[in-house]
Amino acid sequence: MLNDAVAPEIVPAASSDKDAPLKEDIRLLGRLLGDVLREQEGDAVFNVVETIRQTSVRFRREADADAALELDAMLKELSREQTISVVRAFSYFSHLANIAEDQHHIRRRRAHLLAGSPAQKGSISFALKKLRAAGVPRATVDTFFQEALIAPVLTAHPTEVQRKSILDAEHDIARLLAERDLPQTPKERQANMQLLRSRVATLWQTRMLRYSKLTVADEIENALSYYRITFLRELPGLYDDIEDDIACEYPNGDGTIEPINAAYVQMGSWIGGDRDGNPNVNAGTMQHALARHATTILDFYLDEAHALGAELSVSTLMVGVSAELQALADQSPDASPHRSDEPYRRALIGIYARLAATARALGATNILRKEVGPAAAYPDAAAFVADLRTIVASLESHHGAALVRPRLATLARAADIFGFHLASLDMRQTSDVHERVLADLFAHSGVAADYTALSEEDKQALLLSELAQPRLLYSPYISYATETDSELAILRAARDIRQRYGARAIRNYIISHTETVSDLLEVLLLQKETGLLRTDWQAGESTCELMVIPLFETIPDLQRAAGIMSQVMALPLVKQLIAKQGQLQEVMLGYSDSNKDGGFLTSNWELYKAELALVADFRKAGVKLRLFHGRGGTVGRGGGPSYEAILAQPPGTVNGQIRLTEQGEIIASKFSNAEIGRRNLELLVAATLEASLAPQAANPAHASELAQFEAVMAELSDLAYHAYRHLVYETPGFTEYFFSATPIAEIAELNLGSRPASRKANQRIEDLRAIPWGFSWGQCRLLLPGWFGFGSAIEAWINQADGASKDEKIATLRAMYAEWPFFATLLSNMDMVLAKTDLAIASRYAELVADQDLRERIYKRITDEHGNTLRCLELITGNTERLAGNPLLARSIQNRFAYLDPLNHLQVELIKRNRALSAESKIDERVHRGIQLSINGVAAGLRNTG
C-alpha cells in the first residue's frame, strides 16, 4: 500500500493512458504516507501494515481460507497501540486516495474543455443546447432563472464530522497535487514534494476525529467550513458561467437575465434547527446557528470590500463618476486628503464601516480590520446590495465596465444569494410533540381536557375554531410542561431571528411523521400563539411567516400524502395563506424511513406514485408544488447521482422548484474541493433546468406503454415489499442478528453525532433512525437497504402464471430499463450498491453473531437474495459486470478495495474486543478510538454509505 514495490497492488494497470496520472498520484501519496509511517512509528509498524494489506488482498482474490485464518490471528496479536496505528494508516490512505481521485476528475474535465469537445452531459451549456434544439425560446429560459428556487440543504450526520484541521490539511494536499500538473522547474518540483511530505506528516500527527461528544455547535462549524471552501465563491461564480452560457447559446435573445437580481440557487441548513429526536436543539442553538452564519458571511463581505477598496483606485482626475456614487463617497467616514479624488475607495471605506457595524449588531465579536470611523449598521442586506449596485452603475456608465467583473459582480451576487443570513435554517419537529404541546395549552386554558383523545374530525374542528379566535391559549401566569415552554420558546426565537437577520433566515417549518390534516393545523396554531401567524381581524386576512411543510416518510404516509394535501388546501384559511406564499406550497418526501419501512424497490415506487398524485391534486387546486427531497448518502436512503435522480422525476414534479438534502460524507465528497463543488452545483442547476423545460413525450403510444410499465412496477413493488418485510420485521431473531453482525451498537454508543441513534431507548428496528440503519449495513459491506427484495420480486413475477410467457415478461423488463428513466435510474443505483457489496467481508461480520444457527439461517437468506438480485439485474440489463456503463466508477471502487478491506477486518477485530470488554463492564478508550477511526475510513472509502 505504502511504497513503490506494492503500488501496483493498489492501482491495477490503467485501462488507458487517461488513468496514468491517477495511478501516479495514488502511488506518490501512498509512498509519502509510507515514509511518514516509517519515520513516526518505525519499520515494525510499517511492516505490519504491509503484511495485513497483502494478506487481505489474498483473502479477497483467492477466497483463501488460510488467508482468513492468518489475518484473524495477525489482528488478534496486535497490541492496542499497533491497532490504532494500523487503523490510522489505512484510514488516512482512504482520504488521500479520495484527494487523488478528485484531482483526476478535475484533470479529465479540463482536458475535455481544452480539447474543445462537445458540451458535457450535465453542464448548463449541454442543457441549453438541448432546450434550444427543442424550440424552447430565450424568454422561457429567462423566466425560469427569475422564478426558480434550487436549494441544497446541508444536514448534520452522526457518522461524519471532520475537524477543520483535517479539512485544511487535505485542502492543501489537493492544491499541491494540482500544482504538479503545471510546468515546474526542478527546484519548484522539489519544493512541492517537500510541502506535500510536510502536509502528509501534519495529517498523521493531527487527530482525525473529535473524541469528546459532538455538539450541535461542532456540527454547525463543520458545515460552515464548506461555505469558506466552496459556496461563497463558487456559487456566485456559477452565476457568471450561466450568464455566459445563455449569451452564447441564445446570442440574439429577446430577453435578458439579471443574475444579480435572481437568487435562483440558495443554500439551506437543518443544523441547529432540526430538533426531531434531538434534545440538544433548542432556541439557543438556533440563535447560535444564525449568529455563526452571519459572522461567516459578513467576514467574507468585509474581506471583499477591503480588497475592492485596494483595487478601485479610480481617480476623478481621470474619469467621472455618477452623482449617486459621489453621494455615497461623501457619506464615508474617510476624510483623508490623500483619497479626496478617489470616490470609489471612499465609498468602499464607508461600506466597510457599515458592514463592521452590522457584523457587531448581528453577533460577530472579532472584526480583524478596524474600520476608519463609525457608521450606521445596514438595516438589511438589500441596503448593502443597493450600495454595491451604485458602484456597479457608476463604473459601467464611466468606462469602467471591465472593473466590475469578477470581484465586484461576484460580491453583489453573493450578497443577493446569501444576504446577512448565509443559509435559510429550516425548523423541524415531529408531529407527536406538537400534539402534546397543544394538549397542554388546551388543558390549562380549559378549552379541551384531553385533546389527544379527540377524533381527527374533532381535532380539526377545534384547531380551526381556535385559529379563528383573536385571543391566545397561552398565559404567562400559568406553569406549563417543560416541553411546552421549550417549544414555544423556539418559535418565539424564530420570530426574533427573522426580525434580526431577515425573512430568509428562517422561513420553513417541517413536520416529521405527518399523518393527518390536524398535524399541519397544529403548527399553524402554534405559530399564532407565538406571533408568527397574525390576523387582521377587521380585514379578515391572515399572514403566516413560516411555510408549514409536511414530511411524508413511511410507506403509509406516502400513500396518504396527496389526500391530506387536498383536504388541507381546500380549507379557506390555508387557501389564503398559500395565496400569500405566491400560490406555492412545499411538500417534503422522506426517502430514508420509507426505505427502512418497505425496502428499496417499494420505497422508490411509492415515492414515484406519491409525486404523481401530488402533482395531479395540486394542479386541480391551482397551486404550484415544490418538492423537498429528503435524500441521504446511500442509495437505500435516496442517494445516488443527483443529476440522474432529478431527470428521472415524474413529469410535472420539478418546474423550477426543488430542494434536496445533502449530508454526511456526501457533503465532503461533493464540496470539499472548490472546483468539484462548482461542478456539483452546476449539475444540480442543469438537471433542474432540463427537467423543468425539456418537452415531455406525450404521444398515445408512449402513454400506453408507460401505463403498462407502471402496472408492472406496482406488481414488483408488492412482491419486493413482502420479501423485505418478511426478512426484517417477521423473521424471528433478525433484530438480534442485525445488532450483532453490524457495528450499530458501536455507532450508537460512540456518540458520533449530537443526535441519538434511536428515537427510543430500545433495540427495536422500528424505532431506529434510518441513518444508522443504512450506515451500519454499509460499514459491514452488505448495503442491504439498497437491493434486498429486488431479486425475489423479479423472479416471482416472471414465474407467475398469468397468461404471459417468461420471454414476454423479460422483454417487458428490458423495455422498462431501456425506455423508462425512473426504472433505469433505479437499476443504475442498485448496480452501484452491488458493486460496493462484498460477501467475503460481510461474512467476517456475520461471525460476530454468537448463535451459530441464527447466523447461518439469516446470513444464508441474505446471500441467497444477493445471488438472486445479481442474476435478475444481469437478465434485465445484459451486463454481467457491475458498473459496465460507468467504467471510471468501476475502476475507482476496485482500486479502493485494497485499503478498504483491511479497515473492515480491523473493525471486526476491534468490535470483538469492545464487546468482550463490555461483557465485563470495562471500557478501553483506545478500542473506541480505533472503531471510530475505522468507521470514518470505511465511510470515506465508499463515499456514499451514510
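None of these values were measured; they are calculated from a predicted model. Residue numbers run from 1 in the order of the sequence given.
For the pair Ser322 and Ser394, the tightest heavy-atom approach, listed with the atom from each and the gap, is N-OG, 3.1 Å. Nearest heavy atom pair, residue His293 against residue Ser269, reads CE1-CB, 4.2 Å. Closest approach of Ala305 and Leu411 over heavy atoms only: N-CD2, 4.4 Å. Shown here for Thr206 and Ser165, the closest heavy-atom pair between the two residues is CG2-CB, 3.9 Å. A pairwise comparison of heavy atoms in Gly272 and Thr285 identifies O-OG1, 3.2 Å as the closest pair. Scanning both residues, Phe671 and Ile229, for their nearest heavy atoms gives O-CG2, 3.9 Å.
Contact of the His288 side chain with the Leu290 side chain is not registered, since no non-hydrogen atoms from C-beta on lie closer than 4.5 Å. Here the side chains of Ile99 and Asp102 are not in contact, with every heavy-atom distance at 4.5 Å or above. A 4.5 Å side-chain heavy-atom check between Phe628 and Asp426 finds at least one atom pair inside the cut-off. Side-chain contact between Pro343 and Thr316: present, with at least one pair of heavy atoms (C-beta onward) separated by less than 4.5 Å. Taking 4.5 Å as the limit, some side-chain heavy atom of His434 sits within range of a side-chain heavy atom of Gln429. Residues Val433 and Glu487 are in side-chain contact: their nearest non-hydrogen atoms beyond the backbone lie under 4.5 Å apart. Counting only heavy atoms from C-beta outward, the side chains of Glu541 and Thr535 never approach each other to under 4.5 Å. A heavy-atom distance below 4.5 Å is not found between the side chains of Ile578 and Leu584.
A salt bridge links Arg233 to Glu304: at least one charged side-chain nitrogen sits closer than 4.0 Å to a carboxylate oxygen. Salt-bridge check for Glu545 with Arg495: failed, with every basic side-chain N at 4.0 Å or more from each acidic carboxylate O.
Using modelled atom types and a 3.5 Å distance limit, the side chains of Ser486 and Asn282 yield no donor-acceptor pair. A donor and an acceptor atom, one from each side chain of Thr215 and Asp218, are located under 3.5 Å apart.
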- Would Arg471 and Leu473 satisfy side chain to side chain contact (heavy atoms under 4.5 Å, CB included), going step by step from the backbone distance to the final call? CA-CA 7 Å; Arg471 60 152 174 79; Leu473 294 167; 3.7 Å; yes

- Stepwise side chain to side chain contact (heavy atoms under 4.5 Å, CB included) test for Arg345 and Ser313: CA-CA 6 Å; Arg345 278 184 165 167; Ser313 54; 3.5 Å; yes

- Going through the distances and angles, do Asp330 and Arg346 end up as a salt bridge (charged side-chain N to carboxylate O under 4.0 Å, His left out)? CA-CA 8 Å; Asp330 292 342; Arg346 290 173 56 217; 3.5 Å; yes

- Task: Starting from the C-alpha separation in whole Å, work towards a yes-or-no answer on side chain to side chain contact (heavy atoms under 4.5 Å, CB included) for Ile271 and Leu425.
- Result: CA-CA 7 Å; Ile271 310 172; Leu425 184 67; 5.6 Å; no

- Task: Apply side-chain hydrogen bond (donor to acceptor under 3.5 Å, both in side chains) to Lys670 and Ser642, showing your working.
- Result: CA-CA 11 Å; Lys670 284 187 174 181; Ser642 298; 3.0 Å; yes

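Remark: Gln266 pairs with Leu149, Ala263, Arg504, Arg507 by the side-chain contact (heavy atoms from CB on, under 4.5 Å) rule, at least two apart or across chains. Every residue was checked against the side-chain hydrogen bond (donor to acceptor under 3.5 Å, both in side chains) condition with Thr530, not counting sequence neighbours, and none meets it. For Thr484, the side-chain contact (heavy atoms from CB on, under 4.5 Å) partners two or more places apart in sequence, or in a different chain, are Val437, Asp440, Leu441, Tyr480, Ala481, Leu488. Under the rule for a side-chain hydrogen bond (donor to acceptor under 3.5 Å, both in side chains), the partners of Asp341 that lie at least two apart in sequence or sit in another chain are Ser315. The salt bridge (Lys or Arg N to Asp or Glu O under 4.0 Å) test applied to Asp241 returns Arg678, not counting sequence neighbours. Annotation: side-chain contact (heavy atoms from CB on, under 4.5 Å) contacts of Asp172 (sequence neighbours excluded): Arg175, Arg199. Every residue meeting the salt bridge (Lys or Arg N to Asp or Glu O under 4.0 Å) condition with Arg339, not counting sequence neighbours, appears here in chain and number order: Asp334. A search for ring pair (Phe, Tyr, Trp, His ring centres under 6.0 Å) contacts involving Phe420 returns nothing, not counting sequence neighbours. Glu324 meets the salt bridge (Lys or Arg N to Asp or Glu O under 4.0 Å) test with no other residue; sequence neighbours excluded. Remark: Glu396 engages no residue in a side-chain hydrogen bond (donor to acceptor under 3.5 Å, both in side chains) (not counting sequence neighbours). By the salt bridge (Lys or Arg N to Asp or Glu O under 4.0 Å) test, Arg405 is found to be paired with Asp240, Asp244, residues two or more places apart in sequence or in another chain being considered.
Proximity of a side-chain donor or acceptor of Ser340 to a complementary backbone N or O of Pro337 within less than 3.5 Å is detected. Formation of a donor-acceptor pair under 3.5 Å by the Asn508 side chain with backbone atoms of Leu546 is not found in this model. Side chain of Tyr344 to main chain of Glu311: no donor-acceptor pair is present (N/O by atom type, distance under 3.5 Å, no hydrogens or angles). In this structure, Arg498 contributes its side chain and Ala503 its backbone to a donor-acceptor pair below 3.5 Å. Judged by distance alone, with hydrogens and angles left aside, the side-chain atoms of Lys580 form a donor-acceptor pair with the main-chain N or O of Ser542 at under 3.5 Å. In terms of modelled atom types and a separation under 3.5 Å, the side chain of Gln585 and the main chain of Val548 share a donor-acceptor contact. The main-chain N or O of Gly531 is found under 3.5 Å from a side-chain atom of Arg534 such that the two form a donor-acceptor pair. Of the possible polar contacts, none joining the Asp274 side chain to the Trp270 backbone as a donor-acceptor pair under 3.5 Å is found. The backbone N or O of Tyr264 sits less than 3.5 Å from a side-chain atom of Tyr239, completing a donor-acceptor pair. Between the Asn192 side chain and the Leu195 main chain, no donor and acceptor come within less than 3.5 Å of each other.
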Listed pairs under 3.5 Å, donor-acceptor, residues 349-363 side chains, sequence neighbours left out:
{"from": "Tyr352", "atom 1": "OH", "to": "Arg369", "atom 2": "O", "distance (Å)": "2.7"}
{"from": "Arg354", "atom 1": "NE", "to": "Ala376", "atom 2": "O", "distance (Å)": "2.9"}
{"from": "Arg354", "atom 1": "NH2", "to": "Ala377", "atom 2": "O", "distance (Å)": "3.4"}
{"from": "Thr358", "atom 1": "OG1", "to": "Arg354", "atom 2": "O", "distance (Å)": "2.7"}
{"from": "Thr358", "atom 1": "OG1", "to": "Tyr378", "atom 2": "N", "distance (Å)": "2.9"}
{"from": "Arg360", "atom 1": "NH1", "to": "Glu371", "atom 2": "OE2", "distance (Å)": "2.8"}
{"from": "Arg360", "atom 1": "NH2", "to": "Glu371", "atom 2": "OE1", "distance (Å)": "3.3"}

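Centroid-to-centroid, the aromatic rings of Tyr301 and Phe384 come within less than 6.0 Å.
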